[in-house]
Protein chains: 2
Amino acid sequence: MIKKTKPKKIREVSVDKILSAAQDEFILQGYKGATVQAIADSAGMPKANVLYYFKNKENIYHAVLEQTLNMWDEGIGDILLEDGPKLAIEKFVKAKVIMSFTNPKASKIYAMEIIQGAQHLQEFTRSYLHQWVQSKAEIFQCWIDKGQMQPIDPVSLIFLIWSSTQHYADFDNQILTIKNQTDYTENDITQVTDFLTNFILRGCGLK
Amino acid sequence: MIKKTKPKKIREVSVDKILSAAQDEFILQGYKGATVQAIADSAGMPKANVLYYFKNKENIYHAVLEQTLNMWDEGIGDILLEDGPKLAIEKFVKAKVIMSFTNPKASKIYAMEIIQGAQHLQEFTRSYLHQWVQSKAEIFQCWIDKGQMQPIDPVSLIFLIWSSTQHYADFDNQILTIKNQTDYTENDITQVTDFLTNFILRGCGLK
DNA sequence: CAAAAACTTGACCTTTTGGTATGTTTTTTC
DNA sequence: GAAAAAACATACCAAAAGGTCAAGTTTTTG
């Protein structure tokens with residue numbers, strides 16, 4: 001038996017509360033605009049207590065960012081050579097749409113970070129993302145070479161899928177306003193998944 | 001003859017310098033993170049001078065935002081019934097791509113504002129944008145009814161065009177990193193215009 | 001060319017905020 | 001059940017930042 005069962009209860013709960021509160025504050029106010037006091041209030045504890053768990057604001061932000069990237073990584077779905085272009089794109093688009101609708105906050109944090117120049121990231125975009133896109137582009141290229149799909153630029157295709165799906169998370173305010181709704185419905189998710197899947201497949205000459 | 005010829009030289013120049021500097025600061029640091037001092041430094045004048053032209057930081061931001069929205073409005077291109085779906089989409093996509101590549105800053109300011117909940121906007125999104133989308137959706141619907149294009153949801157189509165084009169402005173950092181470039185080239189603009197136009201036309205069943 | 005208007009600027013004030021210091025209470029461990 | 005560790009909380013500090021003031025300089029105007 002390993003001794004470390006799960007003695008961390010109180011810490012875990014507090015950290016989660018802080019991180020959740022911090023995520024909201026960072027989205028609404030930006031990095032500089034989010035105050036430790038506001039995060040503490042939102043988390044329901046005194047400021048000094050927040051600084052007890054995280055040495056400083058920068059650390060809180062990094063923790064939020066790390067959490068966000070993990071979520072992004074998990075939810076990104078995968079593109080597998082053996083699936084063939086049609087199924088692979090269907091799976092990928094669906095995964096991204098679900099991500100956007102169920103976890104818009106992560107998408108927003110990430111978007112703001114990139115827009116502002118990725119000042120707090122570094123290795124992630126520079127190496128990991130580059131590799132991810134390259135490896136997936138190769139798979140698309142493979143399908144194109146075999147005549148399984150139209151000869152289009154795979155990298156541009158990936159960007160289009162990213163942008164068109166993430167849009168529903170990042171710009172949810174705008175979209176809801178335009179559609180005269182207060183919240184997304186289950187129906188919205190399936191409608192958007194449907195639309196994007198069909199549209200993109202057609203764009204790839206797969207329908 | 002109207003008396004108001006153009007006696008505003010010095011003011012105009014100063015205001016422009018401030019606005020340009022402010023735009024950069026707001027993008028890089030967010031609303032709260034951008035300091036009046038930093039804007040002043042970047043504009044090459046003392047802080048008090050900036051506050052002479054704009055009563056406070058909020059006013060600077062509003063001016064930047066207004067400038068941004070005007071640019072958005074001008075550059076958005078139009079969708080005309082008489083153009084028919086193919087030409088209209090070609091024109092619209094091209095206008096948006098050019099906007100994104102030539103004026104990424106405006107797109108970024110706008111994106112951040114929306115992501116953060118459009119706290120400084122109000123009427124714009126709520127009425128103007130809603131109307132714009134509705135009126136253009138009607139045109140698409142008209143083409144669909146006449147059998148000139150596939151029966152797809154026009155609103156979703158508009159969102160896809162917006163997102164896929166603006167992506168190149170908002171996420172330019174990420175895209176350049178992934179592509180291992182330091183700047184966009186003329187070639188990138190035409191390549192992206194080409195890709196998106198063809199892809200979207202195919203998605204609409206117009207190719 | 002003088003008076004007024006527009007512009008420039010350094011000094012200053014006040015509030016906000018990140019972070020610390022210190023002491024108290026609760027929980028865990030042996 | 002007592003000592004040690006973890007968690008909680010109040011008061012406080014120093015730096016940063018928004019904004020004002022008042023005095024100076026330049027430009028415009030009649």
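Numbered from 1 within each chain, the chains take letters A, B, ... in sequence-line order.
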Undergrad: Check whether Y31(B) forms a cation-pi arrangement with K57(B) (NZ or CZ under 6.0 Å from the six-membered ring centre, at most 45° off the ring normal).
TA: yes
Undergrad: Could you go over nucleotides 10-15 of chain C and give all protein N or O partners under 3.5 Å, atom names and distances?
TA:
none

Undergrad: For atom CD of E82(A), decide whether the heavy atoms of other residues, nucleotides or ligands shown that lie under 6.0 angstrom number more than 12.
TA: yes
Undergrad: Counting side-chain heavy atoms from CB outward, which of dG19(C), dG19(D), dA7(D) is closest to K57(B)?
TA: dG19(D)
Undergrad: Kindly compute the distance separating CD (E66(B)) from CG (N59(B)), expressed to the nearest 0.5 Å.
TA: 11.0 Å
Undergrad: Can you see if the side chain of K32(B) gets near the phosphate of dT17(C) - specifically, an N or O under 4.0 Å from OP1 or OP2?
TA: yes
Undergrad: Is the H167(A) ring parallel, tilted or perpendicular to the F171(A) ring (thresholds 30°, 60°)?
TA: parallel
Undergrad: Compare the minimum distances between each of dT17(C), dT9(C), dA7(D) and the side chain of N49(B), then state the nucleotide with the smallest one.
TA: dT9(C)
Undergrad: Does A38(A) reach a base, just sugar-phosphate, or nothing at all? Heavy atoms under 4.0 Å.
TA: nothing
Undergrad: Looking at S14(A), I'd like to know whether one of its side-chain N or O atoms comes within less than 4.0 Å of OP1 or OP2 on dC8(D).
TA: yes
Undergrad: With respect to the phosphate group of dA6(D), does any side-chain polar atom (N or O) of R11(A) fall under 4.0 Å of OP1 or OP2?
TA: no
Undergrad: From the options H120(B), Q23(B), E113(B), E25(B), select the one residue that forms a side chain to side chain donor-acceptor pair (under 3.5 Å) with Y61(B).
TA: E113(B)
Undergrad: Quick one: F54(B) CZ to dT8(C) P, roughly how many Å, whole number?
TA: 13 Å
Undergrad: Choosing from dT20(D), dA17(D), dC7(C), which nucleotide comes nearest the side chain of Y53(B)?
TA: dC7(C)
Undergrad: Side chain of Y52(A): nearest nucleotide among dA6(D), dT8(C), dC8(D)?
TA: dA6(D)
Undergrad: Check every atom of dT27(C), dG19(D), dG19(C) against the side chain of I10(A) and return the nucleotide holding the closest atom.
TA: dT27(C)
Undergrad: Would you call K108(A) and D172(A) a salt bridge, taking side-chain N to carboxylate O under 4.0 Å as the test?
TA: yes
Undergrad: Reckon A40(A) touches a base, only the sugar-phosphate, or nothing at all at heavy-atom distances under 4.0 Å?
TA: nothing
